[in-house]
Asker: 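Can you keep this structure in mind? I'll have questions shortly.
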Amino acid sequence: MRKPSCDIKLDKNIKNKGVWSKQEDQKLIDYINKHGEVCWSTLPQAAGLLRCGKSCRLRWMNYLRPDLKRGNFGEDEEDLIVKLHALLGNRWSLIAGRLPGRTDNEVKNFWNSHIRKKLIRKGIDPNNHSVNHKIPPLQNQIMSNSLKYFGLKDISKNQTTKTHVDNDDKVSNATSDKDESYALLDLNLELSL
DNA sequence: AAGTAATGCAACCGCCGAATG
DNA sequence: ACATTCGGCGGTTGCATTACT
């Protein structure tokens, strides 16, 4: 058993947990402005922070980075997230990569708190975006090509994911070889992204 | 005004793959 | 070849805020 790379419970140097204070934010910002995004595991000590490197990285990536957009998602962004999710599933970092100034955490939260409910209200299954139509061969081919563009396997052919449905309100992307393929309605993604 | 439920979001947890010794 | 470390990711939790009764 290898020990966790960052174990808050075991590391005696890590005293702070939970919400970051303004002072901690400032220390992190100052350090990164001065030294850049260097080794996260040694950063906390070097910057005088009582946090683990992982926590520092998360704080910087999701909140402090100067190029972050913040604020509400626009309709165009929402639309793009839905389309990308139909194509990529819960690969939030890939989806966020197509949305300048947005983080994977932000996209994931937005999906779980807004988009999922919206799709359910419209009678669309947010997990597979299906409205009970089979994917026509041409559309299937487009999907397959799109996945190749992102450097991904075509999961519709043989994927068995680890998440599953506990109840109808839980996130799931359960698919298996036995599952049928469903249509991705309105998936007019530009393949030249 | 007080209590409770629902919601949104920041942060944590645990796992994985790549890099390194 | 193997063990270890690290960065990164997705899932989940917990808390603050808001809405409702």
Side-chain angles (χ1 to χ4, degrees), chain A residues 1-29 31-32 35-47 49-75 77-78 81-82 84-99 101-121 125-129 147 150-153 155 159-175:
Chain A
M1 276 290 274
R2 77 188 173 90
K3 73 170 176 139
S5 58
C6 171
D7 193 331
I8 289 171
K9 290 174 202 134
L10 299 176
D11 194 333
K12 291 185 179 111
N13 291 324
I14 295 161
K15 297 197 179 78
N16 288 0
K17 252 187 104 171
V19 181
W20 281 63
S21 67
K22 287 229 169 77
Q23 290 88 342
E24 286 180 303
D25 280 347
Q26 199 52 55
K27 277 184 183 178
L28 185 56
I29 291 166
Y31 186 86
I32 291 175
H35 300 92
E37 291 176 37
V38 289
C39 178
W40 291 111
S41 59
T42 57
L43 185 148
Q45 201 174 8
L49 288 161
L50 300 173
R51 298 267 180 177
C52 73
K54 223 172 180 178
S55 182
C56 294
R57 179 190 158 271
L58 203 70
R59 183 65 180 168
W60 175 256
M61 294 295 190
N62 288 338
Y63 201 84
L64 299 175
R65 257 165 51 201
D67 57 324
L68 293 180
K69 200 187 264 182
R70 320 279 321 154
N72 295 338
F73 282 77
E75 273 188 36
E77 287 179 303
E78 184 178 327
I81 291 169
V82 172
L84 286 168
H85 185 272
L87 187 64
L88 302 167
N90 295 357
R91 276 170 270 201
W92 305 116
S93 59
L94 275 174
I95 295 172
R98 316 306 303 180
L99 293 155
R102 300 296 187 184
T103 69
D104 53 353
N105 209 33
E106 210 176 359
V107 171
K108 179 171 59 184
N109 281 335
F110 185 62
W111 173 270
N112 286 327
S113 58
H114 293 92
I115 301 178
R116 260 176 56 80
K117 288 168 192 167
K118 202 168 173 179
L119 291 178
I120 289 167
R121 275 202 302 274
D125 186 336
N127 301 316
N128 55 20
H129 300 254
L147 290 165
F150 284 101
L152 299 164
K153 290 177 194 165
I155 56 173
Q159 186 199 32
T160 305
T161 58
K162 57 184 172 185
T163 50
H164 65 282
V165 182
D166 289 329
N167 59 53
D168 61 1
D169 198 37
K170 287 282 180 189
V171 175
S172 164
N173 47 2
T175 44

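Below, chain A is the first sequence line, B the second, and so on; all start at residue 1.
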Asker: Tell me whether the side-chain N or O atoms of A:N62 pair up with the base of B:dA11 as donor and acceptor below 3.5 Å, since no angle test is needed here.
Answerer: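 Flag unset: no donor-acceptor pair detected.
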Asker: Below the 4.0 Å mark, does C:dG11 have OP1 or OP2 next to a side-chain nitrogen or oxygen of A:W92?
Answerer: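 For C:dG11, OP1/OP2 do have a side-chain N/O of A:W92 under 4.0 Å.
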Asker: Could you tell me the separation between the CZ atom of A:R65 and the C1' atom of C:dG8, rounded to a whole number of Å?
Answerer: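 In whole Å, C:dG8 C1' and A:R65 CZ are 13 Å from each other.
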Asker: Are any non-hydrogen side-chain atoms of A:H85 and A:V82 less than 4.5 angstrom apart?
Answerer: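 SC-SC contact between A:H85 and A:V82 ruled out.
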Asker: Hey, is the main chain of A:G97 close enough, under 3.5 Å, to the side chain of A:R102 for a donor-acceptor pair?
Answerer: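 Not confirmed, A:R102 side chain does not pair with A:G97 backbone.
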Asker: Checking only heavy atoms, does the side chain of A:K54 share a donor-acceptor pair with the base of C:dG8 at less than 3.5 Å?
Answerer: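 A donor-acceptor contact between them is present.
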Asker: Among all residues two or more places apart in sequence or in another chain, which pass the side-chain contact (heavy atoms from CB on, under 4.5 Å) test with A:E37?
Answerer: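 side-chain contact (heavy atoms from CB on, under 4.5 Å) check on A:E37 returns A:I32, A:W40, A:W60, A:M61.
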Asker: Look at the aromatic rings of A:W92 and A:W111 and report parallel, tilted or perpendicular, splitting at 30° and 60°.
Answerer: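 Rings of A:W92 and A:W111: tilted, as their planes differ by 30° to 60°.
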Asker: Once you round it to whole Å, what is the distance between C1' of C:dG10 and CD of A:E106?
Answerer: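 Between C1' of C:dG10 and CD of A:E106: 16 Å.
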Asker: Where do A:P44 and A:C56 come nearest, in terms of heavy atoms and distance?
Answerer: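 Minimum heavy-atom separation between A:P44 and A:C56: CG-SG, 3.9 Å.
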Asker: Figure out the CG/P separation between A:L58 and C:dG10, and round it to whole Å.
Answerer: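 Taking atom P of C:dG10 as the reference, CG of A:L58 is at 12 Å.
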Asker: Examine B:dA11: is either OP1 or OP2 under 4.0 Å from a nitrogen or oxygen in the side chain of A:R59? Give yes or no.
Answerer: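 Yes, within the criterion.
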Asker: Figure out the CG/P separation between A:L43 and C:dG8, and round it to whole Å.
Answerer: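 Nearest whole value for this atom pair: 13 Å.
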Asker: Can you check the A:R51 CZ to B:dA10 P distance for me, whole Å?
Answerer: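 Going from A:R51 (CZ) to B:dA10 (P), I get 14 Å.
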Asker: Can you tell me how far C1' of B:dA10 sits from CD of A:E24, to the nearest Å?
Answerer: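 In whole Å, B:dA10 C1' lies 13 Å from A:E24 CD.
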Asker: Tell me the interatomic distance from A:R57, atom CZ, to B:dG14, atom P, rounded to whole angstroms.
Answerer: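 Rounded to the whole Å, the gap is 17 Å.
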Asker: On DNA chain C, compare the nucleotides closest to A:V38 and A:D104; which residue's is nearer the 5' end?
Answerer: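 Taking each residue's closest nucleotide, the earlier one in sequence belongs to A:V38.
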Asker: Check the distance between C:dG7's P and A:N105's CG and give it to me in whole angstrom.
Answerer: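 After rounding, the reported distance stands at 19 Å.
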Asker: If only side-chain N and O atoms of A:S93 are considered, is one of them under 4.0 Å from the OP1 or OP2 phosphate oxygen of C:dG10?
Answerer: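 Checking A:S93 against C:dG10: at least one side-chain N or O falls below 4.0 Å of OP1 or OP2.
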Asker: Looking only at heavy atoms, which two atoms of A:R91 and A:L88 are closest? And how far apart?
Answerer: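 Looks like NE-O, 2.8 Å.
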Asker: Reading nucleotides 14-20 of chain C 5' to 3', which nucleotides get B (base under 4.0 Å from a protein heavy atom), which S (sugar-phosphate only), which -?
Answerer: -------
Asker: Among all residues two or more places apart in sequence or in another chain, which pass the salt bridge (charged side-chain N to carboxylate O under 4.0 Å, His left out) test with A:K69?
Answerer: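 Testing A:K69 for salt bridge (charged side-chain N to carboxylate O under 4.0 Å, His left out), a comparison that skips the adjacent residues, returns A:E77.
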Asker: List the residues meeting side-chain contact (heavy atoms from CB on, under 4.5 Å) with A:S21, not counting sequence neighbours, and say none if there are none.
Answerer: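 A:Q23, A:E24.
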Asker: Between N or O atoms, less than 3.5 Å apart, protein on one side and nucleotides 6-9 of chain B on the other: list the pairs.
Answerer:
{"from": "B:dG8", "atom 1": "OP1", "to": "A:H114", "atom 2": "NE2", "distance (Å)": "3.4"}
{"from": "B:dG8", "atom 1": "OP2", "to": "A:S113", "atom 2": "O", "distance (Å)": "3.1"}
{"from": "B:dG8", "atom 1": "OP2", "to": "A:K117", "atom 2": "NZ", "distance (Å)": "3.3"}

Asker: Residues two or more places apart in sequence or in another chain: which of them pass side-chain contact (heavy atoms from CB on, under 4.5 Å) with A:K27?
Answerer: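 Listed in chain order: A:L49.
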